[in-house]
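Okay, structure first, notes after.
Bear in mind that the values here come from a model prediction, so they are computed numbers and not experimental data. Atoms within a ligand are numbered from 1 in the order they appear, just like the ligands themselves.
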Amino acid sequence: MNILLLGSGGREHAFAWKMSQSPLCKKLYIAPGNAGTGQFGENVALGVNDFAAIDQFVLTNKVDMVVVGPEDPLVNGIYDYFTASPTLNKIPVIGPSKLGATLEGSKAFAKLFMVKHGIPTAAYQEFSAHNLEAGLDYIDLQTPPIVLKADGLAAGKGVLICESKEEAKAELREMIANAKFGKASAKVVIEQFLKGIEFSVFVLTDGTNYKILPNAKDYKRIGEGDTGLNTGGMGCISPVPFVEEELMKKVEERVIIPTVEGLKKDKIVYKGFIYIGFMQTVQPNGTTEPMVIEYNCRMGDPETEIVFPRIKSDLVKHFVALAKGELQNEVIEIDERAAATVIVASGGYPENYEKGKEITGLDSVKNSIVFHAGTKTENGKVLTNGGRVLAVTSYGKDIQEAVATSNASIEKIGFEGKYYRRDIGWEFK
Ligand code: AMP
Ligand code: GLY
């Protein structure tokens, strides 16, 4: 098969690495890709949201399947674009329909879906310009911290955790009346703060059947000890030590099954990944319960960089079955080893940083897989080209061993301003 993969981050390098191992994958194109994806296929200069150009490319190059990495093209309806086109509608798109992607594209839509299908999540209300005053009154009834979420996509920045009612009210006004996050905050979800530990579960579904992939925990803060600004993720681990069988049973029965059944009942076409963010909460009666913080309509980044290395079976074969609605016959084989990925970032990230620094030592890494995130090649040199530059993944008998191996590999890599967290997985020592 000829496959077109959309995206350009560490996640897409991991997709390319994994899919290119499949005997079913004859030719892999990555649009636009990065210096790493180019090792496994041909990078092509297409924008992930330029559906007309993708359409042309797919027909000209006889592409048999399109795999979507990031959320934007899904939220913009690439699945529907393909199904509506007489020349493209036989070509499967791995990813949900536009309505399915709304689970990520609109927090209010996701909350309503969860309430409707009895899926445990924080209590909430939604507000916009017509009931801003009611929103301010609602804040008065809450006990801080108070969580405000821009309804739409806001590049991972749309969630604010306010320590006082005054701060929450000021932020609500900023979001709704002053468009703090542009159109994305025209509507705002205010929800109950959940206390606990976060973890993520990944599901592959054809809309009827589902398969659970390895779980993960990511480390979002820039600084060691989980301090400083939020980032896209500075590293992650799999499996999460506290996510044991009993907890996974609750996750499956209370969340995964009602989610897949809910999609079906609501006639939401969904053939792709569901990434479910959880908080493991302690209830007033002392029981621990998993509650959903968010849905994403795609795989995570950097979670993919450990989840895929822990899948031994053929991902492309799973995608073919998924497209046919026959996922029930697939066996996802999991590597029992632990895996960790540590992000190597440009100094200054997530604020201002410089690009274009030469990266050295990549060839001397022998015990880890180096996935490229923000990189580019120029005159045969690999240069930094983003905030998160590399994701260095290793296996180990446990999390600590995997993290130590990644850290040792990173010591062999150099570029001006190189920064990474040495403490990924710190709470599982
Ligand atoms: P999201 O963009 O929905 O992933 O939210 C970003 C981050 O905000 C999450 O990963 C959590 O750390 C935090 N968060 C979101 N919702 C809540 C909540 N209801 N209670 C506590 N923390 C939350
Ligand atoms: N690592 C978080 C995300 O992909 O959304």
Do Y420 and N407 touch side chain to side chain, with heavy atoms closer than 4.5 Å?
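Heavy-atom side-chain distance check passes, below 4.5 Å.
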In the structure I gave you, are the side-chain heavy atoms of E305 and C236 within less than 4.5 Å of one another anywhere?
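No, every pair of side-chain atoms sits at 4.5 Å or beyond.
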Closer than 4.0 Å to some heavy atom of [X] - which atoms of ligand 1 meet that?
X    : answer
K220 : 10 (O)
M279 : 21 (C), 22 (N)
Q192 : 18 (C), 19 (N)
F193 : 20 (N), 21 (C)
I293 : 15 (C), 16 (N)

Is a donor from one side chain sitting under 3.5 angstrom from an acceptor on the other, for Y275 and E303?
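There is such a pair (donor and acceptor under 3.5 Å, judged by atom type) between the side chains of Y275 and E303.
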Going by the angle between their ring planes, with limits at 30° and 60°, are F199 and F242 parallel, tilted or perpendicular?
perpendicular
So, are D140 and K169 salt-bridged, with charged N and O less than 4.0 Å apart?
yes
Can R421 and D226 be counted as an ion pair, charged N to O under 4.0 angstrom?
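Answer for the salt bridge query: yes.
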Taking the six-membered ring for Trp and the single ring otherwise, decide whether the centroids of Y419 and Y349 are under 6.0 Å apart.
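Between Y349 and Y419, which both carry aromatic rings, the centre distance is not below 6.0 Å.
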Which protein non-hydrogen atom lies closest to [atom], naming both residue and atom, and how far is it?
atom                    : result
atom 3 (O) of ligand 1  : K107 NZ, 3.0 Å
atom 21 (C) of ligand 1 : L194 O, 3.2 Å
atom 12 (O) of ligand 1 : E198 OE2, 2.4 Å
atom 17 (C) of ligand 1 : E191 OE2, 3.8 Å
atom 1 (P) of ligand 1  : E294 OE1, 3.4 Å

Can you pull every nitrogen or oxygen pair between ligand 2 and the protein closer than 3.5 angstrom?
from	atom 1	to	atom 2	distance (Å)
ligand 2	1 (N)	D218	OD2	3.3
ligand 2	1 (N)	G232	O	3.3
ligand 2	1 (N)	D301	O	2.9
ligand 2	1 (N)	E303	OE1	2.9
ligand 2	1 (N)	E303	OE2	3.2
ligand 2	4 (O)	R298	NH1	3.1
ligand 2	4 (O)	D301	N	2.9
ligand 2	5 (O)	R298	NH1	3.4
ligand 2	5 (O)	R298	NH2	3.0

Check whether any heavy atom of K195 sits under 4.0 Å from an atom of ligand 1.
no
Does some non-hydrogen atom of I161 fall short of 4.0 Å from ligand 1?
yes
Applying a heavy-atom cut-off of 4.0 Å, say which part of V159 lies close to ligand 1: side chain, backbone, both or neither.
side chain
Is the backbone of I311 close enough, under 3.5 Å, to the side chain of D335 for a donor and an acceptor to pair up by distance?
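Looks like no, no N/O pair under 3.5 Å.
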Heavy-atom donor-acceptor pair, K111 side chain to E126 backbone, under 3.5 Å
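The answer is no, because no donor-acceptor pair under 3.5 Å joins these two groups.
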What's the spacing between R422 CZ and S406 OG if we round to 0.5 Å?
13.0 Å
Report yes or no: is the cationic atom of K217 (NZ for Lys, CZ for Arg) closer than 6.0 Å to the six-membered ring centre of Y219, at no more than 45° off its axis?
yes
So is R298 actually on top of F273's ring, under 6.0 Å and inside 45° of the axis?
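Because its charged atom misses either the 6.0 Å distance or the 45° angle limit, R298 does not stack over F273.
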Among all the protein's heavy atoms, is there at least one whose distance to atom 9 (C) of ligand 1 comes out below 4.0 Å?
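Given the 4.0 Å cut-off, atom 9 (C) of ligand 1 counts as touching protein heavy atoms.
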My understanding is that only residues two or more places apart in sequence, or in another chain, count here; which of them pass side chain to side chain contact (heavy atoms under 4.5 Å, CB included) with K265?
H117
